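First the structure, in the form of structure tokens, and then the observations on it.
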Amino acid sequence: MSQVPNAALASYASHSDQTRGRRHAEAPAPTRSEYQRDRDRIVHSTAFRRLVYKTQVFLNHEGDLFRTRLTHSLEVAQLGRSIARSLGLNEDLVEAIALAHDLGHTPFGHAGQDVLNECMKDHGGFEHNLQSLRVVDELEERYLGFNGLNLTFEAREGVLKHCSKRHAEELEQAEPQGVGHRFLAGTQPSLEAQLCNLADEIAYNAHDIDDGVRSGLITMEQLEAVPLFVRFRDATWQEYPQAKGRRLLFDTIRRMLSQQVYDVIDATRALLDQHRPDDANAARLCPPLVRFSQPMREASTELKRFLFRELYRHPQVNDTTARAKQVLSELFAAYVDRPQEMQPDFARREDLHRAVADYIAGMTDRFAMREHERLTGRRAF
Ligand code: MG
């Protein structure tokens with residue numbers, strides 16, 4: 001049996017036969033490339049299945065049709081692969097990074113990350129990107145030979161999207177020239193990792209409009225304030241003057257997504273032409289190359305600001321956020337007080353605070369609510 005090569009990879013793409021490898025050496029798989037194998041390991045992981053029941057913006061119990069971390073990750077993978085194919089980048093690596101990029105997210109979305117960071121302020125803090133790396137490097141328990149999923153360097157590099165200087169220095173000490181290095185050296189990650197960052201932004205901007213309108217927290221009238229939205233809604237009306245309601249919304253979002261994908265492809269091609277990186281490593285030394293055009297960058301930022309103001313800070317979302325924060329901070333205190341209430345693997349660990357943070361970060365929304373009720377006798381939602 002032999003591996004089927006990735007079709008039409010550009011020279012600047014990440015080639016799986018040139019991977020910087022895994023932390024624990026493993027023989028190659030007979031039929032799959034290294035990045036296919038990464039992707040498969042992520043899909044079969046426990047943390048990946050938990051994404052079904054983790055909040056993106058709306059809590060899991062608020063409605064069946066809202067995005068969860070899982071469907072968000074699938075949308076990021078779809079957008080990422082689509083763009084990767086056009087640019088000759090490695091689709092398997094893009095898919096692996098996209099599916100793993102939110103594995104470290106806490107229950108209850110960003111509210112959870114803020115609480116855990118606060119609870120951990122004297123114990124090294126908590127940051128969801130770093131936690132995603134911890135999940136794939138340490139916390140998954142699926143192999144006899146090592147902790148974690150033992151992913152390739154390139155997948156791990158993509159998972160660690162942001163990193164503070166302090167955390168980068170710690171990572172560098174544990175793994176010289178490893179995934180923390182670029183944050184100290186000021187270099188870029190692979191083009192596939194850069195692409196996943198942008199695909200993440202394209203995905204959540206679009207689906208948060210959809211979910212926002214579905215929830216009734218934002219209206220089509222409010223969206224008049226967003227030029228990017230108005231542009232594609234008007235294009236829809238040009239073709240279908242009678243369009244209204246849900247189908248008008250979906251068609252507008254569909255057009256907006258397509259145009260953003262084409263914009264990234266065009267802008268990135270132009271930058272690749274200008275910088276001409278010979279290979280994946282040369283691309284890491286260039287400025288960020290996977291980008292929107294300047295006008296699309298501004299339009300996307302404006303949309304983000306709108307969503308921040310009107311949706312993420314909506315009083316109803318704030319109320320949920322406040323309850324979520326209470327649930328997690330009380331859970332944290334309860335486990336620190338009574339570690340035996342956690343699963344034995346966590347209860348036994350010597351680094352108690354980190355063990356509690358890992359345990360809570362891994363929870364789904366509903367498990368966190370159940371545990372909170374069990375330990376405090378109160379129901380927060
Ligand atoms: Mg994301």
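Remember, it's a predicted structure, so these values are computed and weren't measured experimentally. Counting starts at 1 for both ligands and their atoms, in listed order. Because only heavy atoms are used, hydrogens play no part in the values below, and waters and symmetry mates are left out as well, while side chains stay in.
A cation-pi arrangement is present between Arg366 and Tyr53, with the terminal nitrogen or guanidinium carbon under 6.0 Å from the aromatic centre and inside a 45° cone about the axis.
Among Glu170, Arg156, His181, the one residue that satisfies the side-chain contact (heavy atoms from CB on, under 4.5 Å) test with Glu175 is Arg156. Results of the side-chain contact (heavy atoms from CB on, under 4.5 Å) test with Leu79 over Asp200, Val261, Leu195 single out Val261 as the only residue that passes.
Among the backbone and side-chain atoms of His105, none of the N, O or S atoms lies under 2.8 Å from the Mg ion (ligand 1).
You'll find the ring centres of His101 and His72 inside the 6.0 Å limit.
When distances from the Mg ion (ligand 1) to the N, O or S atoms of Asp102 are compared, OD2 comes out shortest. Closest N/O/S atom of Asp200 to the Mg ion (ligand 1): OD1.
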